[in-house]
Amino acid sequence: MSSALLIVDVQNDFCPGGALPTPQGDKVVPVINKLMEKFTLVIASRDWHPENSNHFKIWSAHCVRETYGADFPGELHTDKLDEIFMKGTGTMDDGYSAFEATNKNLAEYLTENRADELYVTGLTAEYCVKSTVLDALKSGFKTYVIKDAVEGIRRSEDDFEKAFEDMKEAGAVVLSSDELTI
Ligand code: VGL
């Protein structure tokens, strides 16, 4: 069995200057690029919303499919991606968790690729990263969160830190990229 690196929603709209920005989302890109070199299986999720998504009643419109905002930042080494999981693709579909992807089933994909350990990175700590991590644990994967490869909306510092506490409480291991032993 083996480990997979999952990059959650590192998309232009979640980076500084985007439609639903994290103050420092771009900081995770070089950390993730380095991590990609260590894993044999590297996958990403992305929000891929229709223009008229109901999700935009809660959030300002972001990551509309086929737009620049939905794209990966140019600096991300997307040539290293083995698969991309699209989520939030229906009008009634919030798609916070990568396990809700509609183009491919993430849990089945990991099992087919003999991955039993998932290392999660990306945006945002409080929403899609947390939701993905909780689903990964429910699906039985040993789940790690690489904290310096995760950024948040950071409405408050407490909100940001609470996301990691919630993930830990559910059974995830939170570590930094230099503590990685794989
Ligand atoms: C996200 C809020 C709304 C995320 C997505 O990727 O964490 N947050 N949609």
Side-chain angles (χ1 to χ4, degrees), residues 4-33 35-36 41-110 118-136 138-139 145-146 148-156 159-160 162-163 166-167:
L5 179 70
L6 172 61
I7 304 157
V8 175
D9 300 9
V10 176
Q11 292 172 271
N12 289 321
D13 270 345
F14 295 126
C15 290
L20 190 53
T22 56
Q24 320 175 54
D26 52 334
K27 274 192 169 174
V28 302
V29 173
V31 184
I32 291 172
N33 282 340
L35 285 167
M36 281 170 156
L41 190 64
V42 180
I43 54 182
S45 69
R46 60 176 165 185
D47 263 6
W48 203 244
H49 296 304
E51 260 175 359
N52 59 346
S53 175
N54 244 44
H55 185 63
F56 301 158
K57 292 187 173 148
I58 315 171
W59 300 99
S60 53
H62 60 276
C63 300
V64 173
R65 59 174 68 155
E66 315 281 1
T67 65
Y68 172 80
D71 225 333
F72 297 116
E75 301 77 22
L76 187 70
H77 294 169
T78 50
D79 54 312
K80 298 278 171 16
L81 294 176
D82 294 300
E83 191 58 76
I84 301 171
F85 294 82
M86 316 291 197
K87 61 191 183 61
T89 58
T91 50
M92 300 305 286
D93 181 5
D94 288 313
Y96 290 111
S97 163
F99 285 86
E100 294 169 48
T102 56
N103 62 317
K104 230 177 217 304
N105 182 298
L106 175 55
E108 282 172 17
Y109 177 89
L110 292 169
L118 195 57
Y119 286 78
V120 183
T121 63
L123 309 173
T124 66
E126 302 91 330
Y127 295 96
C128 290
V129 169
K130 176 171 148 181
S131 182
T132 299
V133 165
L134 299 185
D135 275 355
K138 274 188 216 144
S139 303
V145 186
I146 306 178
D148 53 323
V150 172
E151 258 307 326
I153 292 185
R154 291 181 183 262
R155 279 215 189 82
S156 74
D159 266 11
F160 181 70
K162 185 175 180 302
D166 291 348
M167 292 188 271

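Residue numbers run from 1 in the order of the sequence given.
One finds the NZ atom of Lys104 at 7.0 Å from the OH atom of Tyr109 (value rounded to the nearest 0.5 Å). Atom CG of Asp9 is separated from atom CD1 of Ile7 by 11.0 Å, given to the nearest 0.5 angstrom. The line from CG of Asn52 to CE of Met92 is 10.5 Å long, rounded to the nearest 0.5 Å. Of the inter-residue distances, the one linking Met167 atom CE with Lys162 atom NZ reads 10.5 Å to the nearest 0.5 angstrom. Rounded to the nearest 0.5 angstrom, Phe72 CZ and Ile32 CD1 are separated by 10.5 Å. Atom CD1 of Ile43 is separated from atom CG of Leu118 by 6.0 Å, given to the nearest 0.5 angstrom.
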Q.
side-chain contact (heavy atoms from CB on, under 4.5 Å) for Val8 and Leu123? Distances and angles first, verdict last.
A. CA-CA 6 Å; Val8 175; Leu123 309 173; over 6 Å; no
Q: Test side-chain hydrogen bond (donor to acceptor under 3.5 Å, both in side chains) on Thr22 and Thr124 and set out the steps.
A: CA-CA 8 Å; Thr22 56; Thr124 66; over 6 Å; no
Q) Going through the checks in order, is the salt bridge (charged side-chain N to carboxylate O under 4.0 Å, His left out) test met by Lys87 and Asp93? A) CA-CA 8 Å; Lys87 61 191 183 61; Asp93 181 5; over 6 Å; no
Q. Would Val120 and Ile146 count as a side-chain contact (heavy atoms from CB on, under 4.5 Å) if you check the C-alpha gap in whole Å, the side-chain angles of each, and the deciding distance to 0.1 Å?
A. CA-CA 6 Å; Val120 183; Ile146 306 178; over 6 Å; no
Q: Show your working on side-chain contact (heavy atoms from CB on, under 4.5 Å) between Asp166 and Val133 and close with a plain yes or no.
A: CA-CA 10 Å; Asp166 291 348; Val133 165; over 6 Å; no
Q: Go through the steps to decide whether Phe14 and Leu20 satisfy the test side-chain contact (heavy atoms from CB on, under 4.5 Å), and finish with yes or no.
A: CA-CA 5 Å; Phe14 295 126; Leu20 190 53; 3.8 Å; yes
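Side-chain atoms of Thr132 come within 3.5 Å of backbone atoms of Ala98 as a donor-acceptor pair (strictly under, hydrogens ignored). Between the side chain of Glu126 and the main chain of Asp159, no donor-acceptor pair closer than 3.5 Å is present. Asn33 contributes a side-chain N or O that, together with a main-chain N or O of His77, makes up a donor-acceptor pair within less than 3.5 Å. No donor-acceptor pair closer than 3.5 Å links the side chain of Glu75 to the backbone N or O of Val29. Counting only distance, with no hydrogens or angles, the side chain of Asn12 and the backbone of Gly18 share no donor-acceptor pair below 3.5 Å. For the pair Asp26 (side chain) and Cys15 (backbone), a donor-acceptor distance under 3.5 Å is absent. Side-chain atoms of Asp13 never come within 3.5 Å of backbone atoms of His62 as a donor-acceptor pair (strictly under, hydrogens ignored). In this structure, the side chain of Asp82 engages the main chain of Val42 through a donor-acceptor pair within 3.5 Å. Within the 3.5 Å criterion, the main-chain N or O of Ala70 finds a donor-acceptor partner in the side chain of Gln11.
There is no side-chain donor-acceptor pair under 3.5 Å between Ser53 and Thr91. Looking only at atom types and distance, the side chain of His49 has a donor-acceptor partner in the side chain of Asp47 under 3.5 Å away.
Phe99 and Phe85 have their aromatic ring centers separated by at least 6.0 angstrom. Taking the six-membered ring for Trp and the full ring otherwise, the centers of Tyr96 and His55 sit less than 6.0 Å from each other.
Taking 4.5 Å as the limit, some side-chain heavy atom of Thr121 sits within range of a side-chain heavy atom of Leu5.
When every heavy atom of Ala19 is checked against every heavy atom of Ser60, the shortest pair comes out as O-OG, 3.2 Å. Contact between Pro50 and Gly88 at its shortest, heavy atoms only, is CD-O, 3.5 Å. Smallest separation of non-hydrogen atoms from Ala163 and Ala125: CB-O, 3.5 Å. Here the closest non-hydrogen pair linking Ala44 and Leu81 is CB-CD2, 3.8 Å. Pro23 and Gly152 get closest at one heavy-atom pair: CD-O, 3.4 Å. When every heavy atom of Cys128 is checked against every heavy atom of Gly95, the shortest pair comes out as SG-O, 4.3 Å.
Around CD of Glu51, the count of heavy atoms belonging to other residues, nucleotides or ligands within 6.0 Å does not exceed 12.
By the side-chain contact (heavy atoms from CB on, under 4.5 Å) test, Glu66 pairs with Trp48, sequence neighbours left out.
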